[in-house]
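The structure appears right after this line, and notes come after that.
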There are 2 protein chains.
Amino acid sequence: MTDLLANRDAWLMTNCSIARALDVVGNRSTLLLLREASLGTRRFDDFATRVGISEPVAAARLKQLVADGLLERRPYREPGKRTRDEYVLTDKGAQLVPVLVALRQWGDTWAADAAGPSVRIAHHDCGAEVHAVLRCAGGHDVEPDELDVLPGPGLLRADAE
Amino acid sequence: MTDLLANRDAWLMTNCSIARALDVVGNRSTLLLLREASLGTRRFDDFATRVGISEPVAAARLKQLVADGLLERRPYREPGKRTRDEYVLTDKGAQLVPVLVALRQWGDTWAADAAGPSVRIAHHDCGAEVHAVLRCAGGHDVEPDELDVLPGPGLLRADAE
DNA sequence: TATCTGACTTTGCTAAACCTAAGCCAGCCT
DNA sequence: AGGCTGGCTTAGGTTTAGCAAAGTCAGATA
C-alpha cells in the first residue's frame, strides 16, 4: 500500500460521506426543519413559523425532505377537524439526530447568550442531560485529537481498478 | 410552569444553539473545509483542491473561519522553502469534530456508493472504528427516540423577565 | 538579476436561496 | 350557500454563494 492518503485530492471530493450527507442536509433551513421534526413539530405552518422561513421555502424544503426519505408525509385527522397531512421523521431522518445534538452542544458552548441555552435535551428514562460523544468499537471514549484516518473499502476498491 | 414548550414559536428561532451553530458552519464549503482541517490539511491550495472549491471561495471561507476562531493562521517553514501560512484547527474548531463524525456516519449508512465509504475513522490508541453516539450524564446509551426536550436556563430567564 | 511558485485578490458573471405579497383550493362550520 | 382556515403555489425581486480567468506579490532558487 503506497501512501494512499497522501494523494487524496482525487477521490476525497467525489466519494466522501460527509459531502454526500451535505448534499442532502447541507443547508440551514433543511437542518432547522429536521430540528423541528425531531422536537415533534408536524404541521406545515408550525414548521415555517418555528424555523423562521417563508412558506414557499418551507414547502420546497419539506417536499425535498420527503423525496429524500427523511420525512414521511401522511394524512391524519384531529377530532372535529378536516383531514390534513403531517410530516414525521423516518428512520433515515431520525439517524441524523446525533448530528443535531452535536451541533446544539457546540452552540451551547460557543454561541449561547449569557442566559444560557433555551433548551436542554434529557434522557427520557432517567432525566439526565444527553450529549453526543465519540466512542470506538473497543468501547473507549475518544477525543477529537485521537482519530486516525484510514483508507476504507471504497478507496481500496477504486485503487484496484 | 405553564406549557413553555407549547409556545416555543417565539423563542426557538431567536435563541437556538443549533441555529447559532449554523450561523457559523451552516454551509457546505465551510463544513468541508473543517473536514479537511480535521484530516490534517494545512495549506491554502490543498484546501481548495481537496474541497473542490475555487480559490476566491476558499480564501473567503478560510478568512471567515479564522475570524470566527475555528482556525488559527500561523506562519511555518518547511526546510529549504520560504515561510508561509498554515491553517490549523483551534480548540473551538476541534469541538466540531463530533458533528463531522456524525455526518460521515450518516453518509456511510445512507449515501455511500456500492463499494463503501472511502475513509474509515479509527481510534488512534486501539485502531477500532469510531462512532458518534448519544449518551446521558447518567452513563446510559441513548437512542434518538429516547430524548426529552426541557426548557433550559435561557428560556426560564427570558420567561421571568 | 530574473524567474518561479504558493498564496492569495480582483473582476465580472451565473445560479441558488430566500424574501414579501398575493392567489388558490378543499373541506368543515353556520 | 358562503365564509374561514390550513396548506400550499405563483410572481417578482434581492442577497449570498459560487465559478472562471487573470492579476498581484513576496521570497526562495538559478
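Quantities reported herein were computed from a predicted structural model and do not represent experimental measurements. Chain naming here is simple, since letters A, B, ... match the order of the sequence lines and numbering starts at 1 in each.
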**nucleotides 9-17 of chain D: protein proximity per nucleotide (B base, S sugar-phosphate only, - neither; heavy atom, under 4.0 Å)** = BB------S
Could you tell me the separation between the [atom1] atom of [X] and the [atom2] atom of [N], rounded to a whole number of Å?
X       : N      : atom1 : atom2 : result
B/Leu32 : D/dG18 : CG    : C1'   : 14 Å
B/Leu33 : C/dC8  : CG    : P     : 12 Å
A/Leu22 : C/dA17 : CG    : P     : 13 Å
A/Phe47 : C/dC18 : CZ    : P     : 16 Å
B/Asp85 : D/dG27 : CG    : P     : 12 Å
B/Leu31 : D/dG18 : CG    : P     : 12 Å
A/Leu62 : C/dA17 : CG    : P     : 15 Å
B/Arg50 : C/dG6  : CZ    : P     : 13 Å

**Message:** If you apply the rule salt bridge (Lys or Arg N to Asp or Glu O under 4.0 Å), what do you find for B/Glu86 with B/Arg74, and how did you get there?
**Reply:** CA-CA 6 Å; B/Glu86 63 178 356; B/Arg74 60 184 195 207; 3.1 Å; yes
**Message:** Which residues pass the side-chain hydrogen bond (donor to acceptor under 3.5 Å, both in side chains) test with B/Asp125, not counting sequence neighbours?
**Reply:** none
**Item:** Residues that B/Asp148 engages under side-chain hydrogen bond (donor to acceptor under 3.5 Å, both in side chains), provided they are two or more places apart
**Value:**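 Result, side-chain hydrogen bond (donor to acceptor under 3.5 Å, both in side chains) vs B/Asp148: A/His124.
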**Complete:** Looking only at D/dG6, C/dT20, C/dC8, the nucleotide nearest the A/Asp45 side chain is D/dG6
Side-chain N,O ([X]) to OP1/OP2 ([N]) below 4.0 Å:
X       : N      : result
A/Arg28 : C/dA17 : no
A/Arg42 : D/dG6  : no
A/Arg73 : D/dG7  : no
B/Arg84 : C/dA7  : yes

**Request:** Using a heavy-atom cut-off of under 4.0 Å over every strand shown, decide if B/Tyr87 touches base, sugar-phosphate, or nothing.
**Result:** sugar-phosphate
**Prompt:** Is any side-chain heavy atom of B/Pro153 less than 4.5 Å from a side-chain heavy atom of A/Pro117?
**Reply:**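 Result yes, sub-4.5 Å side-chain heavy-atom pair found.
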**Request:** Would you indicate whether the side-chain heavy atoms of A/Lys92 and B/Thr109 approach each other to under 4.5 Å?
**Result:** no
**Message:** Between B/Asp45 and B/Arg50, does any side-chain N to carboxylate O distance fall below 4.0 Å?
**Reply:** no
**Request:** Taking only Lys NZ, Arg NE, NH1 and NH2, and the carboxylate oxygens of Asp or Glu, determine whether A/Arg135 and B/Asp141 approach each other closer than 4.0 Å.
**Result:** yes
